[in-house]
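Both ligands and their constituent atoms are indexed starting at 1 by order of listing.
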Amino acid sequence: MTSKEKKPKISIIGLGFVGLSIAVTNAKKGFETIGVDIDDNKISNLKKGIIPFYEPKLQNFLDDTLKADSLKFTADLKYALLNSDLSFLCVGTPPAKDGKIDLRYIKSAAKKIQKFLKLKEKYHLLVVKSTVAPQTTQNVIIPMFKDMINKSLVDIVTNPEFLREGSAIEDILHPHLIVIGEYDRKAGKHLEGYYKQFYKTLPEIIHTDITSAELIKYANNTFLATKISFINSLANICQNLPGTDINTIAKAIGKDPRIGPLFLQAGPGFGGSCLPKDLSALINFSNKFEKTNELFKAVLRVNQNQPVKIIELLKKFNVLKKNKTISILGLAFKKDTDDIRAAVSIKITKLLLKKGLKIKVYDPMAMDNFRDLFKEKIIYCSSIDECLRDSDCCLILTEWDSFRKLKPEKFKKLMKTPNVIDARRILDPKKFSGINFKAVGLGNEKK
Ligand code: UDX
């Protein structure tokens with residue numbers, strides 16, 4: 001395929017955060033695209049232009065492409081496969097027991113794809129986007145398609161994604177790298193041909209074998225997780241050293257080009273649908289190779305304990321007592337999303353409830369998701385002010401821009417006692433010296 005050739009027709013199988021973002025972006029780029037999912041309700045909503053979760057630009061892209069008729073949605077996988085040349089397999093691989101990933105959805109999707117592709121006489125390229133443990137594509141997916149691969153009717157490649165929630169569409173439009181895992185050059189070249197048509201300037205591409213591509217995805221997320229657990233470990237030391245501030249340490253080491261400044265923001269620990277899941281999956285996968293995952297296990301342990309370290313800050317204000325009220329500002333696992341999967345707010349709320357505290361919460365976007373989880377056990381507020389009113393301690397858990405603007409006067413005016421804990425380092429400690437202020441990675445003022 002060259003950029004002058006006819007554009008392939010695309011189908012996207014599985015319309016979660018990754019699949020839907022890829023679907024709208026392909027359609028926006030002028031590829032005839034079909035999005036397919038087993039959830040009828042999701043499909044009927046998408047046809048009406050209703051998105052199932054918040055993601056910047058997603059709504060606009062969906063509206064535009066539905067209007068332009070370049071994007072169709074269906075629950076009919078057979079129709080989608082028979083009317084496309086290239087499919088992205090984007091079904092979920094949620095965590096199962098012991099950190100393993102649950103291959104149920106990918107196995108059942110691959111089985112159906114195999115059945116319908118058999119009916120097709122024309123070549124089809126199946127691109128595995130779903131994050132799977134190394135060797136899964138080789139051992140689980142490819143064997144199902146062996147006949148068709150031998151007859152050159154099907155090729156299977158792995159093509160991991162590195163999309164961040166909150167900037168998924170931008171990440172698709174401007175990737176730092178494309179990784180193509182292939183069993184022969186021809187298969188990978190087909191996918192490269194598609195990318196030549198997708199991008200005006202082709203991003204850097206690394207061609208490698210299928211298993212290495214799968215491992216690259218885990219390596220990427222595990223490295224990011226490692227940086228965060230590293231800085232959080234140091235932050236916990238700083239809290240015991242008067243006069244120190246983890247932000248200064250991070251700034252200084254980040255200047256070393258071998259380290260780099262990103263992902264060195266101390267906080268309550270990483271959450272979300274990827275970092276914790278992929279780290280646990282890599283640990284589980286590498287258990288079979290003796291003493292290969294000690295570092296990864298430590299990274300996970302540090303992260304699991306980080307919420308406890310935040311609770312220790314609350315202890316310093318002497319508010320861990322029955323009948324005290326704690327206001328939590330920020331529930332989403334990071335800003336600009338309504339996602340609370342593996343969010344630290346969940347763990348901290350559970351720990352505080354166990355201690356018999358009264359919890360009030362506020363988040364600009366994630367309230368409904370949190371309500372589904374905690375039901376009537378906590379108090380849901382519709383504004384920052386309502387959340388702070390008459391409270392004994394405020395705990396900031398997500399770095400929303402609206403929280404960054406908070407002034408000490410507000411806490412003084414509204415709270416019973418102005419105890420503030422900044423677990424995201426979004427407030428300037430110097431401006432908060434007039435109230436009771438503690439922050440992750442911040443040592444006490446030197447006497
Ligand atoms: C991540 C990867 O970045 C992305 O490449 C992959 O495809 C999916 O997983 P995402 O889950 O959207 O993306 O979140 P990310 O922005 O990486 O943040 C993960 C968690 O780490 C969040 O809870 C965030 O608050 C936390 N974090 C991030 C820190 O605590 N400190 C930092 O310096 C950076």
Side-chain angles (χ1 to χ4, degrees), residues 16-19 21-22 53-56 58 90 92-95 129-132 159-172 174-179 213-214 216-236 246-247 249-251 253-254 259-282 299-300 302-307 309-310 330-348 363 366 396-401 403 422-426 439-441:
F17 149 75
V18 171
S21 305
I22 295 176
F53 49 82
Y54 173 76
E55 179 63 30
L58 189 61
C90 300
T93 48
K129 276 268 172 209
S130 305
T131 301
V132 289
N159 179 215
E161 49 74 26
F162 305 99
L163 310 182
R164 293 164 296 176
E165 287 189 34
S167 55
I169 289 179
E170 270 308 300
D171 289 347
I172 294 170
H174 308 285
H176 64 279
L177 175 72
I178 291 173
V179 176
E214 292 166 330
I216 285 168
K217 168 72 191 215
Y218 281 118
N220 213 92
N221 276 349
T222 300
F223 193 79
L224 295 174
T226 305
K227 278 187 110 174
I228 300 170
S229 278
F230 171 85
I231 208 70
N232 284 343
S233 298
L234 274 174
N236 298 337
I246 190 61
N247 282 357
I249 317 280
K251 190 174 170 189
I253 63 170
I259 297 174
L262 302 179
F263 272 71
L264 289 179
Q265 179 60 61
F270 55 81
S273 65
C274 288
L275 258 53
K277 180 187 85 151
D278 293 353
L279 174 62
S280 297
L282 182 60
V299 170
L300 184 62
V302 169
N303 199 55
Q304 285 167 338
N305 199 47
Q306 194 60 9
K309 289 284 171 196
I310 301 295
L331 306 171
F333 84 98
K334 65 176 189 181
K335 71 170 186 171
D336 295 337
T337 174
D338 58 4
D339 197 345
I340 59 163
R341 280 176 291 175
V344 178
S345 57
I346 298 175
K347 198 161 180 183
I348 288 190
D363 187 283
I396 299 174
L397 286 183
T398 313
E399 72 284 19
W400 286 100
D401 291 341
F403 302 163
D422 180 3
R424 286 291 190 168
R425 301 304 307 266
I426 54 172
V440 70

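Inclusion of Gly271 in the set of residues having an N or O under 3.5 Å from an N or O of ligand 1 is warranted. Considering backbone and side-chain atoms alike, Phe333 places an N or O below 3.5 Å from some N or O of ligand 1.
The proximity of Asn221 to ligand 1, defined as any non-hydrogen pair under 4.0 Å, is limited to the side chain.
Scanning all protein heavy atoms for the shortest distance to atom 31 (N) of ligand 1 gives Gln265 O, 2.9 Å. At the shortest separation from atom 27 (N) of ligand 1 among protein heavy atoms lies Ile228 CD1, 3.4 Å. For atom 5 (O) of ligand 1, the closest non-hydrogen atom on the protein side is Phe162 O, 3.1 Å. The single protein non-hydrogen atom nearest to atom 12 (O) of ligand 1 is Glu165 N, 2.6 Å, given as residue, atom name and distance. In terms of protein heavy atoms, atom 15 (P) of ligand 1 is closest to Lys334 NZ, 3.7 Å. When hydrogens are left out, the protein atom nearest atom 17 (O) of ligand 1 is Phe263 CZ, 3.2 Å; that is the closest non-hydrogen contact. The protein non-hydrogen atom at the shortest distance from atom 25 (O) of ligand 1 is Arg424 NH1, 2.8 Å.
Side-chain contact between Pro160 and Tyr218: absent, with no pair of heavy atoms (C-beta onward) separated by less than 4.5 Å. Phe223 places a side-chain heavy atom less than 4.5 Å from the side chain of Lys227. Side-chain contact between Arg424 and Pro268: present, with at least one pair of heavy atoms (C-beta onward) separated by less than 4.5 Å. Side-chain atoms of Glu161 and Ile172, non-hydrogen and from C-beta on, never get closer than 4.5 Å to each other. Residues Phe270 and Leu279 meet the side-chain proximity criterion, which asks for heavy atoms closer than 4.5 Å. In this structure, Lys277 and Arg341 have side chains that are not in contact, with every pair of non-hydrogen atoms separated by 4.5 Å or more. Counting heavy atoms from C-beta outward, Ile340 and Asp363 have side chains that stay 4.5 Å or more apart.
Taking every heavy atom of both residues into account, Lys129 and Cys90 meet most closely at CB-SG, 3.8 Å. Closest non-hydrogen pair, Ala366 versus Asp338, comes out as CB-O, 3.7 Å. The heavy-atom pair separating Val179 from Asn159 by the smallest distance is O-ND2, 2.9 Å.
Using cut-offs of 30° and 60° on the angle between ring planes, the pair Phe17 and Phe53 is perpendicular.
Counting atoms of ligand 1 from 1 in the listed order, those under 4.0 Å from a heavy atom of Cys274 are 8 (C), 9 (O). Those atoms of ligand 1 with a heavy atom of Leu224 less than 4.0 angstrom away are 3 (O). If you number the atoms of ligand 1 from 1 as listed, the ones under 4.0 Å from a heavy atom of Glu161 come out as 7 (O). Residue Leu264 approaches ligand 1 through these ligand atoms, each under 4.0 Å from one of its heavy atoms: 33 (O).
Across the listed options Val344, Leu163, Asn220, Ile231, Leu163 owns the non-hydrogen atom lying nearest to atom 4 (C) of ligand 1. The nearest non-hydrogen atom to atom 1 (C) of ligand 1, considering only Leu275, Asn303, Val440, comes from Leu275.
At least one heavy atom of Lys217 sits less than 4.0 Å from an atom of ligand 1.
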